[in-house]
Amino acid sequence: MCELLGMSANVPTDICFSFRGLMRRGGQTGPHRDGWGIAFYEGKGCRAFHDPAPSCESEIARLVSSYSIKSCVVISHIRRANRGRVSLENTHPFTRELWGRVWTFAHNGQLKGIKERTLTFYEPVGTTDSEHAFCWLLDQIRMQYPEPPKSSGALMRLIRDLATDLGKLGVFNMLLSDGRYLWCHCATNLAWLTRKAPFGPATLIDEDMSVDFAKETTPDDVVTVVATRPLTRDENWTVMKGGEMVVFKGGNRVR
């Protein structure tokens, strides 16, 4: 299966440290050699990089791991193909527009029968079950709410119900964002941690690299990182339960 990485922060923050751990799993410390991608939100804009090459060998991944792109919301994915050939169009994360905002989606798992579900507003570019699921999910949101709902709670409940429904088709580990919120749905493997004052050191599992976040942050910073498997060996990660969904905004858990 694939692996996911997400970040929600209250101030623009780079994800270089966590991404360096993830990219090693893309063909070096893990079998996910079938492409990778990452999306950074900047205001209402979204800067994305995709490469069907293994992340451990990708020059673009090396650039991303060393170039400090600061963002409040990031979604990344390394792929181990099971549905759809290895190609650029099948590389997560996928993006679409809804209500004048860029929505970004990445998925880990398989969804049997998802392509039997009718699509109305959105069509896949590639051939993965993941992209079809994303198009269907946004279809359902748009049909329920042609305009943005006044209540964020109503939208969160709808996305939770849709994620639960998709989970009935197989394994549905998901990261989803509109640039403000980061929705995280766990089927089998997903974990998160929130870094805030007092900050301390952290050491990657997949690379001999440590960072003392006390020297890299301010006392007001709040940064939450979400990953398929914990990326560091000396921090307390919260492992999510199957069927659980958590939502973050500005680094803080809001649901």
Side-chain angles (χ1 to χ4, degrees), residues 3-26 28-30 32 36-43 46-49 55-56 58 60-78 93 104 106 108 173 175-177 179-184 186 189-240 244 246-255:
E3 290 208 19
L4 306 171
L5 171 64
M7 185 190 77
S8 171
N10 67 338
V11 293
T13 304
D14 76 57
I15 200 171
C16 295
F17 177 69
S18 296
F19 183 72
R20 284 180 71 94
L22 182 74
M23 66 180 286
R24 293 289 176 259
R25 296 178 179 179
Q28 186 171 343
T29 62
H32 313 87
W36 66 277
I38 190 168
F40 302 86
Y41 280 93
E42 299 177 24
C46 185
R47 185 195 309 241
F49 299 87
S55 58
C56 71
S58 169
I60 303 173
R62 291 189 183 95
L63 168 67
V64 171
S65 69
S66 60
Y67 180 49
S68 180
I69 301 173
K70 295 186 182 295
S71 174
C72 288
V73 179
V74 177
I75 291 180
S76 185
H77 180 279
I78 53 174
T104 302
N108 165 358
N173 299 298
L175 297 182
L176 173 73
S177 182
R180 297 168 297 182
Y181 294 94
L182 178 64
W183 287 272
C184 314
C186 176
N189 295 298
L190 210 57
W192 61 273
L193 68 84
T194 298
R195 297 183 180 121
K196 57 184 177 180
F199 292 93
T203 305
L204 290 174
I205 293 172
D206 297 270
E207 182 172 347
D208 185 16
M209 180 179 181
S210 298
V211 168
D212 184 354
F213 285 105
K215 299 178 180 179
E216 305 290 335
T217 56
T218 73
D220 296 326
D221 291 356
V222 180
V223 181
T224 291
V225 178
V226 185
T228 297
R229 295 180 290 127
L231 292 165
T232 55
R233 65 177 79 255
D234 45 9
E235 295 181 289
N236 293 321
W237 291 75
T238 299
V239 178
M240 294 174 61
E244 181 182 7
V246 296
V247 187
F248 300 96
K249 183 180 182 183
N252 293 297
R253 183 175 177 178
V254 295
R255 182 69 55 154

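What you see below is based on every heavy atom in this structure, not just the backbone, and it leaves out hydrogens, waters and symmetry mates. Quick caveat, the model's predicted, so the values are computed rather than measured.
- No salt bridge links E42 with K70; every basic N to acidic carboxylate O contact stays at or beyond 4.0 Å.
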Start with the C-alpha distance between I15 and L5, add both sets of side-chain angles, then the distance that settles side-chain contact (heavy atoms from CB on, under 4.5 Å), and finish with yes or no.
-> CA-CA 10 Å; I15 200 171; L5 171 64; 3.9 Å; yes
Check against side-chain contact (heavy atoms from CB on, under 4.5 Å), V226 and L182 | CA-CA 10 Å; V226 185; L182 178 64; 4.2 Å; yes
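- Between the side chain of S58 and the backbone N or O of S55 there is no donor-acceptor pair closer than 3.5 Å.
- Between the CZ atom in R255 and the SG atom in C184 there is a gap of 14.0 Å [rounded to 0.5 Å].
- A pairwise comparison of heavy atoms in N10 and V222 identifies OD1-N, 2.9 Å as the closest pair.
- Ring centroids of W183 and F248 are separated by 6.0 Å or more, keeping the two rings apart.
- Checked by atom type and distance alone, the side chain of S8 pairs as donor or acceptor with a backbone atom of G251 at under 3.5 Å.
- The OG atom of S18 lies 8.5 Å from the CE atom of M7; values are rounded to the nearest 0.5 Å.
- Nearest approach of C56 to R62, heavy atoms of both residues: O-NH2, 3.5 Å.
- A donor-acceptor pair shorter than 3.5 Å cannot be found between the side chains of S76 and W36.
- Side-chain contact annotation: D234 with T203, donor-acceptor N/O pair under 3.5 Å present.
- Residue D206 is tested with R24, R20, R25 for a salt bridge (charged side-chain N to carboxylate O under 4.0 Å, His left out); the sole match is R25.
- A donor-acceptor pair is defined here as one N or O able to donate and one able to accept, closer than 3.5 Å; such a pair exists between the side chain of S66 and the backbone of L63.
- Looking at every heavy atom in both residues, W237 comes nearest to L193 through CE2-CD2, 2.9 Å.
- Residues P93 and T104 come closest through the heavy atom pair CB-CG2, 3.6 Å.
- Distance alone, capped at 3.5 Å, is enough to place a donor-acceptor pair between the Y41 side chain and the S177 backbone.
- Residues meeting the salt bridge (Lys or Arg N to Asp or Glu O under 4.0 Å) test with D221, sequence neighbours left out: none.
- Judged as a ring-ring contact (aromatic ring centres under 6.0 Å, His included), and not counting sequence neighbours, F199 has no contacts.
- Judged purely by atom type and a 3.5 angstrom limit, T13 uses its side chain to pair as donor or acceptor with the backbone of V11.
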